[in-house]
Peer 1: 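Once you've had a glance at the structure underneath, I'll fire off some questions.
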Amino acid sequence: MREPAEGRRPSLGRVLLVALPFAWLAAFFLFPFSIVLVLSFSEPVLGQPPFQPVLEWLDEAGELYLIVRLRVQNYLTLLADGLYLAAFASSLRIAATATVLALLVGFPIALGMARSPPRIRPFLLLAVMLPFWTSFLIRVYAWMGILKDDGLLNALLLALGLIEEPLRILNTDAAILIGIVYSYLPFMILPIFANLERHDPALLEAAVDLGCRPFRAFWRITVPLARPGILAGCFLVFIPAVGEFVIPDLLGGADTLMIGRTLWLEFFVNRDWPLASAVAIAMLLVLVVPIVLFQRLQTLLRLP
């Protein structure tokens with residue numbers, strides 16, 4: 001007689017199938033995160049490594065004591081120093097603006113790809129992913145050559161007679177936005193395209209047959225159905241843009257205030273690893289907590 005399904009023990013293959021992703025998450029996220037979290041409560045010192053251990057064994061009269069030193073001053077410094085608050089605010093502002101611009105550029109592209117003939121869609125996808133075949137750093141350096149005062153963009157505008165003197169674009173927030181939108185645009189296009197490709201064209205046809213104008217049908221049918229793809233694309237652009245370092249450093253110049261560059265300066269210039277770790281933890285909380293609350297709200301709104 002066969003054993004009932006509820007009495008069966010899970011096979012080794014199923015256990016490994018579930019355990020391997022958790023092991024990967026623990027090894028490459030939880031363990032490094034734990035190291036950074038512990039460092040954020042340590043005290044900076046002159047030496048190698050440049051921090052005092054949080055846990056220390058003390059031997060007094062033959063008795064061992066475990067001393068735990070948790071220094072919260074690093075987090076108080078973030079709240080008291082306006083530099084870090086301004087860096088967080090600037091990073092969120094630039095990342096949010098870049099995300100909106102990427103959505104405005106990426107949604108029409110994704111819509112055009114989804115409504116194109118199936119035989120040419122693979123080539124359009126290849127065109128979107130083609131920039132990833134080139135080094136990220138090389139692509140950012142290319143934008144430096146395009147946006148500088150004597151670069152290709154100013155040369156073109158001067159040749160067309162649209163401007164009388166070169167525009168100062170490099171080392172501004174505009175250059176940072178251009179670099180972020182260009183670099184992360186595929187992350188906006190691909191989720192939206194994957195969503196739009198599954199839409200039934202009969203829904204729009206039925207709406208038009210019932211007297212709905214094309215734009216109103218698009219706004220009332222296509223956009224709500226594409227909401228999961230839009231949210232996924234916005235998250236994929238916004239989250240890495242907040243902590244971006246290379247683009248602000250190369251296109252924004254020395255006066256650019258973003259949290260990624262501030263974090264790099266604390267680690268490698270000031271060598272204040274505890275404070276830099278506190279900045280990293282704070283940045284993670286700034287990103288994760290609103291996302292978790294938003295997903296929770298979305299779940300509650302779906303409930304009957």
Side-chain angles (χ1 to χ4, degrees), residues 32-47 49-54 68-103 140 143-144 147 168-181 183-184 234-294 297:
F33 173 78
S34 301
I35 295 176
V36 175
L37 181 62
V38 171
L39 279 177
S40 68
F41 288 102
S42 61
E43 184 177 356
V45 294
L46 294 176
F51 58 88
Q52 186 176 7
V54 174
V68 180
R69 294 187 177 92
L70 298 179
R71 186 173 185 264
V72 298
Q73 184 60 38
N74 297 321
Y75 291 96
L76 296 179
T77 301
L78 298 183
L79 297 176
D81 195 334
L83 172 67
Y84 301 103
L85 297 177
F88 275 111
S90 177
S91 298
L92 293 174
R93 174 180 59 82
I94 292 177
T97 305
T99 302
V100 173
L101 294 176
L103 177 61
V140 177
W143 275 107
M144 294 179 64
L147 299 178
R168 185 178 180 272
I169 304 176
L170 193 63
N171 299 332
T172 63
D173 287 351
I176 298 175
L177 291 174
I178 293 173
I180 293 177
V181 171
S183 300
Y184 294 107
C234 289
F235 284 145
L236 289 174
V237 173
F238 178 78
I239 292 175
V242 171
E244 179 61 48
F245 163 72
V246 175
I247 294 175
D249 189 59
L250 295 180
L251 300 183
D255 297 331
T256 301
L257 189 62
M258 287 190 70
I259 199 62
R261 194 168 188 276
T262 304
L263 184 64
W264 185 88
L265 290 174
E266 292 294 347
F267 261 115
F268 298 103
V269 178
N270 298 335
R271 290 188 61 79
D272 193 340
W273 289 18
L275 183 58
S277 300
V279 173
I281 296 296
M283 182 174 65
L284 183 64
L285 293 177
V286 167
L287 293 175
V288 171
V289 172
I291 293 174
V292 172
L293 294 177
F294 177 78
L297 179 62

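Index from 1, following the sequence.
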Peer 1: To the nearest 0.5 Å, how far apart are CG in Leu263 and CZ in Phe268?
Peer 2: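 So the gap between those two atoms works out to 8.5 Å.
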
Peer 1: Donor-acceptor pair, Asp249 side chain versus Arg261 backbone, under 3.5 Å?
Peer 2: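 No, Asp249 side chain to Arg261 backbone: no donor-acceptor pair under 3.5 Å.
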
Peer 1: Do the non-hydrogen side-chain atoms of Ile247 and Trp143 ever get within less than 4.5 Å of each other?
Peer 2: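 A side-chain contact under 4.5 Å is absent here.
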
Peer 1: Is any side-chain heavy atom of Leu37 closer than 4.5 Å to one of Ser34?
Peer 2: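 With C-beta onward as the side chain, the pair stays apart.
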
Peer 1: In Å and rounded to the nearest 0.5 Å, what is the CG to CD1 distance from Leu101 to Ile180?
Peer 2: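 Rounded to the nearest 0.5 Å, the CG-CD1 separation comes to 10.0 Å.
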
Peer 1: Under a 3.5 Å distance rule, please check whether Glu244 uses its side chain to pair with a backbone N or O of Val246 as donor and acceptor.
Peer 2: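 Indeed, once roles are kept as given, a pair shorter than 3.5 Å links the two residues.
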
Peer 1: Any chance you could measure Phe267, atom CZ, to Leu39, atom CG, to the nearest 0.5 Å?
Peer 2: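 Going from the CZ atom of Phe267 to the CG atom of Leu39 covers 7.0 Å.
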
Peer 1: Hey, what do you get for OG (Ser277) to CG (Asn74), rounding to the nearest 0.5 Å?
Peer 2: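 Separation between the atoms: 8.0 Å.
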
Peer 1: Does the side chain of Pro44 reach to within under 4.5 Å of the side chain of Glu266, using non-hydrogen atoms?
Peer 2: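 Answer no - side chains too far apart.
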
Peer 1: Please tell me if the side chains of Ile281 and Tyr75 come closer than 4.5 Å, counting only heavy atoms from C-beta onward.
Peer 2: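 Yes - at least one pair of side-chain heavy atoms lies under 4.5 Å apart.
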
Peer 1: Run the side chain to side chain donor-acceptor pair (under 3.5 Å) test against Asp81 and tell me which residues pass, sequence neighbours left out.
Peer 2: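 Once residues adjacent in sequence are excluded, Asp81 has no partner under the side chain to side chain donor-acceptor pair (under 3.5 Å) criterion.
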
Peer 1: Any non-hydrogen side-chain atom of Glu43 less than 4.5 Å from a side-chain atom of Arg69?
Peer 2: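 With C-beta onward as the side chain, the pair stays apart.
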
Peer 1: For the residue pair Phe245 and Trp264, categorise the inter-ring angle as parallel (less than 30°), tilted (30 to 60°) or perpendicular (more than 60°).
Peer 2: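 Parallel: the ring planes of Phe245 and Trp264 meet at under 30°.
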
Peer 1: Indicate every side-chain donor-acceptor pair of residues 85-99 with a distance under 3.5 Å to a residue at least two apart or in another chain.
Peer 2:
unit_1	atom_1	unit_2	atom_2	d
Ser90	OG	Leu257	O	2.8
Ser91	OG	Ala87	O	2.8
Ser91	OG	Ile259	N	2.6
Arg93	NH2	Asp173	OD2	3.4
Thr97	OG1	Arg93	O	2.8
Thr99	OG1	Ala95	O	2.7

Peer 1: Testing the basics here: between Tyr184 and Val237, what is the closest heavy-atom pair and its distance to 0.1 Å?
Peer 2: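 For Tyr184 and Val237, the tightest heavy-atom pair comes out as O-CG2, 3.5 Å.
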
Peer 1: Could you check if a side-chain atom of Leu275 sits within less than 4.5 angstrom of a side-chain atom of Leu78, using non-hydrogen atoms only?
Peer 2: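 Yes, side chains in contact.
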
Peer 1: How far does CG of Leu170 sit from CG of Leu251, to the nearest 0.5 angstrom?
Peer 2: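 Spacing of CG (Leu170) from CG (Leu251) equals 6.0 Å.
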
